Amino acid sequence: MEKNNETLHILRHSASHIMAQAVQKIFPNAKLAIGPAVDTGFYYDFDLEGHSFTEDDLRKIEEEMKAILKQNLTFEKYLIPDVQKQIDEFKAQGEIYKAELLEEHRNDNPTLYLTKDKDGNVLFNDLCAGPHVPNTTFIKGNAIKLLKVAGAYWRGNEKNKMLQRIYATAFWNKEDLEKYLNFLEEAQKRDHRKLGTQLDLFSVREEIGSGFVLWHPNLAVVREEIENYWRTEHRKRGYVIVNTPQIAKSKLWEISGHIDHYKENMFFIRKENEDEDQYIVKPMNCPFHIMIYQANRYSYRSLPLRMAELGTVYRKEKSGALSGLTRVQGFTQDDAHIFCTPEQLVDEINAIIDFVSDTMKIFNMTFEVELSTRPESFVGDIKNWELAEAGLKEAMDKRGMKYEINEGDGAFYGPKIDFKVKDAIGRTWQCATIQLDFNLPERFDIKYQDKDGTMKTPVMLHRVIFGSMERFHGILIEHFAGAFPLWLSPQQVCVVPISERHNDYASEVYNKLRNAGIRVKLDDRSESMGYKIREALQDNKIPYVLVMGDKEIEAGKVAVRIRGIGEAGTLSVDEFINIVKEKINSKTQELSF
RNA sequence: GCCGAUGUAGCUCAGUCGGUAGAGCAACUGAUUCGUAAUCAGUAGGUCAGGGGUUCGAAUCCCCUCAUCGGCUCCA
């Protein structure tokens with residue numbers, strides 16, 4: 001058997017059998033559920049009454065696995081001759097989950113995999129389609145690692161019993177495992193929640209509520225730059241920008257259908273007395289944008305209408321779902337709604353794809369695309385769906401864009417294209433999305449006048465580029481490991497006088513930079529130069545430090561030190577300002593001169 | 001919402017068997033005036049997440065709530 005990436009999942013699947021064997025050796029009451037290989041390793045789900053796996057158990061199980069591996073066991077495929085008999089046997093053993101699975105696969109020529117010792121004794125068996133490695137010599141004791149224990153519902157259904165899942169990983173050799181563990185450690189250092197505290201970027205307070213983000217001055221600077229970019233780009237691309245209220249009467253949400261379909265995610269404002277109207281905090285911007293559309297009459301000539309807003313919405317989430325900046329209850333969408341005729345649809349979609357791709361380029365991010373098609377329950381005319389799906393495909397095919405298709409995964413109101421960017425941990429986050437909507441234009445009965453003079457219902461597109469400002473900033477923090485490119489850096493330059501007698505010159509330099517519109521900090525504290533440099537570059541991740549002492553003052557220059565690079569010679573202040581301004585304007589990630 | 005873990009100074013953490021809380025960094029004050037990724041000394045800082053209970057006595061044991069973390073589910 002070849003030891004490559006393609007066969008790695010076979011190794012991992014086999015390792016999961018060894019783990020199950022080890023668990024049942026230590027905990028004979030543990031019932032087996034399922035234990036597949038996944039992208040980064042494998043897991044096995046157990047039902048174990050009366051005991052929760054601990055870190056210590058994981059160590060013991062790992063030791064037991066190593067002991068099992070030393071016995072040089074073989075994996076053997078075994079076609080179940082009498083399925084009913086095997087089901088009864090599983091039931092007698094208490095293996096109710098295996099029995100349930102076998103019940104379902106009874107007509108698929110189900111097989112067991114037997115783990116045998118060299119005398120042919122069966123030490124362990126598991127209902128399994130395989131394949132597996134031939135024997136345990138393929139699984140190296142020093143290349144497996146049990147990682148964590150977590151709860152997981154049987155068959156992923158929250159109505160079912162919660163099982164205990166042990167996550168683990170395995171590689172062909174020790175070196176690959178260590179590489180992976182190092183990667184996990186690196187990823188942890190980039191965690192935006194950790195960096196959020198370290199760099200004083202944001203916080204979430206119990207007194208305010210979970211999932212409501214306080215943007216500290218440092219991250220507010222990043223956001224300001226990104227919003228500036230966002231506005232400029234939207235103007236360039238023919239959008240109009242609007243502002244809408246934070247709350248609306250329940251009537252609006254009745255028309256939009258949100259009360260019927262989205263209630264559990266909405267925040268209701270408590271009424272003081274029964275006569276008052278019920279107000280609801282907006283979970284979406286679309287109804288407001290439609291109301292703006294309704295304020296005017298449109299013809300096919302005046303469409304498409306591209307309406308954008310940095311709109312803050314609030315969505316109630318299940319308590320366990322929240323996380324840092326990436327999953328919150330209050331967030332600002334970089335939302336837009338495009339009202340157009342069916343003929344304009346493909347062009348509009350293409351323009352949005354251009355927009356997304358141009359934007360992600362600036363951050364040096366890659367993304368993958370998924371198309372989700374009509375689900376089982378849907379609204380609108382099936383012909384429109386087919387046209388729309390074909391349109392989305394056409395737009396992507398024309399530009400040679402690769403995409404995955406998630407059949408039946410679209411929203412009930414229309415198909416969608418999702419853009420997923422990759423973060424430091426290799427996890428993909430949904431950012432940009434384009435969704436067609438056949439529902440809201442009907443519900444609000446919006447129209448445009450076509451060439452032939454008749455009134456028709458426009459096609460409506462929802463789209464975001466960043467998704468939410470909160471999530472996108474979380475991704476940015478991880479992507480850059482907190483070391484933002486110059487144009488986004490909360491502080492761009494730190495001015496460090498060597499000793500007190502250089503303070504006057506330093507403050508002159510500081511004023512010059514500040515007047516030039518550069519975000520600069522003067523560090524004239526009575527600390528050592530080395531300390532100030534370290535704090536600026538390493539702790540605060542400021543791109544440039546300007547050091548000045550007698551020599552620089554005499555020459556009218558500054559000594560430049562660059563984050564992650566080191567000393568970069570001396571320049572006049574004007575020269576430095578010109579270079580830095582040019583770099584800021586070009587949004588480059590290159591700091592060196 | 002579910003399973004499990006965690007919550008001690010601004011941050012990172014220690015705190016034994018239940019006997020009234022400690023370090024490093026940061027902050028503040030003073031000294032130092034320094035040539036490229038941590039100068040020295042001193043001072044101050046805590047209702048031990050919140051509430052209830054057991055106890056002569058609780059950071060420590062029990063219960064509830066809140067929050068955070070790892071997952072599951074959800075993410076119209």
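Quick caveat: nothing in here was measured; it's all calculated off a predicted structure. Chain A is the first sequence line, chain B the second, and so forth, proteins listed ahead of strands; every chain is numbered from 1.
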Pick base, sugar-phosphate or nothing for [X], based on heavy-atom distances below 4.0 Å to the nucleic acid.
X	answer
A:E55	nothing
A:E264	nothing
A:N157	nothing
A:G156	sugar-phosphate
A:L163	nothing

If you check the [X] side chain, which of [options] turns out closest?
X	options	answer
A:R165	B:U36, B:C72, B:U33	B:C72
A:K318	B:U33, B:C3, B:C74	B:C74
A:M529	B:U36, B:G1, B:A38	B:U36
A:R327	B:C74, B:U33, B:U39	B:C74
A:M162	B:C11, B:G35, B:C2	B:C2
A:S526	B:G35, B:U33, B:A27	B:U33
A:E158	B:U73, B:U36, B:C75	B:U73
A:I498	B:C75, B:C34, B:G1	B:C34
A:R534	B:A27, B:C74, B:A37	B:A37
A:E317	B:U36, B:C34, B:C74	B:C74

Aromatic rings A:W215 and A:H473: how do their planes relate, parallel, tilted or perpendicular, breaks at 30° and 60°? perpendicular
Parallel, tilted or perpendicular: which fits the ring planes of A:F212 and A:F267, with parallel below 30° and perpendicular above 60°? tilted
Using the [atom1] atom in both, what is the distance from [N] to [M], to the nearest Å?
N	M	atom1	answer
B:U65	B:U43	P	45 Å
B:A49	B:C66	C1'	8 Å
B:A23	B:A44	P	12 Å
B:C40	B:U32	C1'	8 Å
B:U8	B:A59	P	15 Å
B:C74	B:U12	P	33 Å
B:G46	B:G15	C1'	14 Å
B:U29	B:C69	P	36 Å

Taking only the side-chain nitrogens and oxygens of [X], find out if one of them lies under 4.0 Å from OP1 or OP2 of [N].
X	N	result
A:S528	B:C34	no
A:S210	B:A67	yes
A:R501	B:C34	yes
A:Y531	B:A26	yes
A:R315	B:C75	no

Face-on cation placement of A:R374 at A:F378 ring, 6.0 Å and 45° thresholds: yes
Could you tell me the Watson-Crick or G-U partner of [N], where both distances fall under 3.5 Å? Say none if there is no partner.
N	answer
B:C48	none
B:A14	none
B:U43	B:A27
B:C2	B:G71

Ignoring hydrogens and geometry, is there a side-chain-to-backbone donor-acceptor pair from A:Q329 to A:E317 under 3.5 Å? yes
Find the distance A:E185:CD to B:G70:P and express it as a whole number of Å. 16 Å
Separation of A:D191 atom CG from B:C11 atom C1', in whole Å? 16 Å
Can you find a donor-acceptor N/O pair under 3.5 angstrom joining the side chain of [X] to the base of [N]?
X	N	answer
A:R155	B:C72	no
A:Q164	B:G71	no
A:R205	B:A67	no
A:Y153	B:G1	yes
A:E500	B:U33	yes

Among A:K316, A:K282, A:H258, A:R315, find the one that has a side chain to side chain contact (heavy atoms under 4.5 Å, CB included) with A:M266. A:H258
Test applied, side-chain hydrogen bond (donor to acceptor under 3.5 Å, both in side chains); reference residue, A:H462; option that passes from A:H289, A:H337, A:K416: A:H337
Write down the atom of A:G209, the atom of A:V204, and the distance for their closest heavy-atom approach. O-CG1, 3.8 Å
NZ/A:K145: more than 12 non-hydrogen atoms of other groups inside 6.0 Å: no
Taking the nucleotide of RNA chain B with the nearest heavy atom to each, does A:Y167 or A:E535 sit closer to the 5' end? A:E535
Position toward the 5' end of RNA chain B (nearest nucleotide), A:A152 or A:G320: A:G320
